[in-house]
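Just below is one structure, and these are the notes that go with it.
Heavy atoms only: backbone and side chains are in, while hydrogens, waters and symmetry mates are out. So you know, we letter chains A, B, ... as the sequences are listed, proteins then strands, and number each from 1.
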There are 2 protein chains.
Amino acid sequence: MRPTTTARPAVRLAEISYSPAQVRVLTAALDLFADNGVAGTTLQMIADRMGVTKAAIYHQFRTKEEIVIATADYHSVPLEAAVERAEAAQDRVEARRVLLQQLIDFAVRNRAGVSAWRGDPVMTRILMKHEPFRGLTERIYTLLVNEDAGAVGVDAGAVRADRLGEERENDSRIPAAILVGVITAVGQPGLAAIDPQILREQVFRYACRLLNLPD
Amino acid sequence: MRPTTTARPAVRLAEISYSPAQVRVLTAALDLFADNGVAGTTLQMIADRMGVTKAAIYHQFRTKEEIVIATADYHSVPLEAAVERAEAAQDRVEARRVLLQQLIDFAVRNRAGVSAWRGDPVMTRILMKHEPFRGLTERIYTLLVNEDAGAVGVDAGAVRADRLGEERENDSRIPAAILVGVITAVGQPGLAAIDPQILREQVFRYACRLLNLPD
DNA sequence: GTCTATAATGTGATAGAC
DNA sequence: GTCTATCACATTATAGAC
């Protein structure tokens with residue numbers, strides 16, 4: 001199921017290691033980024049939450065941008081694992097079901113953080129020039145929405161206007177974006193009080209309806 | 001169709017008026033908030049884009065927070081108009097269709113801004129303590145997802161676990177959040193290049209499928 | 001690994017002239 | 001309505017001691 005036309009990722013997130021002191025920074029940072037956005041989070045806030053000084057943080061990471069990247073990398077390891085499991089599935093439909101379920105699980109488990117990941121323009125800009133994260137995002141999109149992996153597979157941007165007169169004026173980027181919207185909806189503040197199990201089930205059902213998958 | 005249990009909004013956004021100089025600020029601010037988030041946008045940036053100094057802006061608005069609120073109010077007038085039209089519809093299904101179509105139109109027309117409105121935690125916090133905006137949001141949610149306006153209508157939080165054994169273990173906050181996720185998906189950076197008309201049609205189709213409305 | 005101290009710059013906000 | 005000039009404070013980041 002792994003597309004042979006796509007290069008293997010150069011770095012597995014799971015193989016990057018962080019010292020305990022670094023992990024403490026990344027844990028504090030995730031919460032604060034989720035609550036205030038990247039731009040709204042100062043190193044002072046992170047230091048305060050950890051009970052240390054700013055200088056202690058600068059000993060672990062050279063810049064704020066490095067903290068943003070490391071935060072995303074570190075907390076996305078389960079996401080990478082989910083993608084790898086899905087890519088190992090037997091057929092495309094099964095891969096899609098597996099990944100979808102795991103994406104939703106991940107999103108529900110990290111409700112607050114999910115808003116930061118997808119909503120914050122600063123975060124987005126930083127992550128999109130960071131290859132490991134770009135790669136992971138692409139693999140997810142490919143698994144979820146590329147209807148005909150045979151014809152596509154190479155470059156998602158090149159698919160666009162090929163069969164235009166047909167039923168498929170469809171650009172697969174649209175269902176992809178919508179699906180992301182559905183999954184990340186679990187991070188909306190209004191759903192904070194809802195039981196995780198119910199949230200998981202309901203969102204999965206709606207997502208299946210959207211993708212025309214049997215639920 | 002207007003729910004008699006809900007008080008009329010104290011202020012119509014359309015009735016708030018702004019001087020030309022103020023509108024210039026609000027126009028520049030919208031773009032910048034969309035690109036950088038509220039916290040990532042400085043008054044210096046707004047001033048630079050307008051070609052004036054910070055002091056000129058402080059002559060129009062007393063604080064940055066006032067600018068955020070006014071930006072949302074000013075650019076949400078079409079949204080308010082859409083809600084008013086939908087509330088005037090004959091039945092609930094028709095109201096829902098009308099509002100949905102107009103929400104999507106609005107979102108597509110203001111693609112960049114939509115991310116800011118829904119994604120930014122700072123923006124969200126400021127707007128949610130601003131009554132006119134809270135009220136507008138509530139009216140939209142009520143129109144879109146309250147299945148049985150008779151039994152509900154008063155407090156959305158109290159609906160939860162009433163008829164649990166049935167098909168409707170449903171909390172209406174979940175489809176509401178998902179629908180918001182779908183509509184605001186049009187603001188995702190990956191869709192920036194897509195033709196507005198196609199985007200409108202496709203998103204409407206998916207949203208209808210989600211709501212079980214005929215498209 | 002953490003601290004104090006400090007540099008250099010940017011921040012929201014104000015006073016008063018034109 | 002916009003300007004110059006300024007305030008008090010917060011910001012990212014560094015140097016060097018413990």
Side-chain angles (χ1 to χ4, degrees), chain A residues 16-74 116 120-127 129-130, chain B residues 16-74 116 120-127 129-130:
Chain A
I16 308 175
S17 68
Y18 302 94
S19 72
Q22 285 179 318
V23 171
R24 263 177 274 140
V25 175
L26 302 181
T27 305
L30 182 70
D31 289 353
L32 289 165
F33 290 160
D35 284 355
N36 314 301
V38 172
T41 301
T42 68
L43 290 168
Q44 188 64 62
M45 290 180 189
I46 300 176
D48 288 349
R49 167 163 300 212
M50 298 173 63
V52 300
T53 61
K54 283 183 289 180
I57 295 177
Y58 273 104
H59 188 261
Q60 310 298 335
F61 297 97
R62 281 220 277 270
T63 65
K64 189 182 175 184
E65 178 162 328
E66 256 188 37
I67 297 177
V68 174
I69 292 174
T71 301
D73 281 352
Y74 178 71
D120 190 322
V122 181
M123 176 91 78
T124 304
R125 257 197 299 276
I126 293 177
L127 292 183
K129 58 178 186 177
H130 176 56
Chain B
I16 308 174
S17 68
Y18 302 95
S19 71
Q22 285 179 316
V23 171
R24 265 175 275 140
V25 175
L26 302 181
T27 306
L30 183 70
D31 288 352
L32 289 164
F33 289 160
D35 285 354
N36 314 302
V38 172
T41 302
T42 67
L43 290 169
Q44 189 63 64
M45 290 180 189
I46 301 176
D48 287 350
R49 167 163 301 212
M50 297 174 63
V52 300
T53 61
K54 279 188 291 180
I57 295 178
Y58 273 103
H59 189 262
Q60 309 298 334
F61 298 97
R62 282 220 278 269
T63 64
K64 188 182 177 184
E65 178 162 328
E66 258 189 35
I67 297 177
V68 173
I69 292 174
T71 301
D73 281 351
Y74 177 72
D120 191 322
V122 181
M123 175 91 80
T124 303
R125 259 196 297 274
I126 294 176
L127 292 184
K129 57 179 185 175
H130 176 55

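Atom NZ of K64(A) and atom P of dT14(D) are 15 Å apart (whole Å). When the C1' atom of dT14(D) is taken as reference, atom CZ of R62(A) falls 13 Å away, rounded to whole Å. Nucleotide dT14(D) holds its P atom 11 Å from the CG atom of L43(A), rounded to whole Å. Atom P of nucleotide dT12(D) and atom CD1 of I67(A) are separated by 9 Å, given to the nearest angstrom.
Ring pair Y18(B)/F61(B) is tilted by interplanar angle, where 30° to 60° counts as tilted.
Contact annotation: the side chain of H130(B) approaches that of D73(B) to within less than 4.5 Å [non-hydrogen atoms, C-beta and beyond]. Put simply, the side chain of D120(A) does not reach to within 4.5 Å of the side chain of F33(A), judged on heavy atoms. With a 4.5 Å cut-off on side-chain heavy atoms, R125(A) and N36(B) count as touching.
The span of DNA chain C lying next to chain A, judged by atoms under 4.0 Å from heavy atoms, is bounded 5' to 3' by dG1(C) to dT4(C).
Within residues 49-61 of chain A, the residues approaching DNA chain C are G51(A), V52(A), T53(A), A55(A), A56(A), H59(A), Q60(A), by heavy-atom distance under 4.0 Å. Taking a 4.0 Å limit (strictly below) on heavy-atom distances, residues 26-40 of chain A does not reach DNA chain D anywhere.
Under the rule for a side chain to side chain donor-acceptor pair (under 3.5 Å), D35(B) has no partner lying at least two apart in sequence or in another chain.
In this structure, CG in L26(A) is found 4.5 Å from OG1 in T71(A), a value given to the nearest 0.5 Å.
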Can you give each donor-acceptor pair under 3.5 Å made by side-chain atoms of residues 39-52 of chain B, sequence neighbours left out, with the distance rounded to 0.1 Å?
from: T41(B); atom 1: OG1; to: L32(B); atom 2: O; distance (Å): 3.1
from: T41(B); atom 1: OG1; to: G37(B); atom 2: O; distance (Å): 2.7
from: T42(B); atom 1: OG1; to: Q44(B); atom 2: N; distance (Å): 3.4
from: T42(B); atom 1: OG1; to: M45(B); atom 2: N; distance (Å): 3.1
from: Q44(B); atom 1: NE2; to: D48(B); atom 2: OD1; distance (Å): 3.0
from: R49(B); atom 1: NH1; to: D31(B); atom 2: OD2; distance (Å): 3.2

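The ring pair (Phe, Tyr, Trp, His ring centres under 6.0 Å) pairs that include a residue from residues 35-59 of chain A number zero, where partners must be two or more places apart or lie in different chains.
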Task: Test side chain to side chain contact (heavy atoms under 4.5 Å, CB included) applied to K129(B) and E65(B), step by step - done: CA-CA 11 Å; K129(B) 57 179 185 175; E65(B) 178 162 328; 3.3 Å; yes

- [ ] Begin with the C-alpha distance, continue with both residues' side-chain angles, and end with the deciding distance and a verdict on side chain to side chain contact (heavy atoms under 4.5 Å, CB included) for T63(A) and V68(A).
- [x] CA-CA 9 Å; T63(A) 65; V68(A) 174; over 6 Å; no

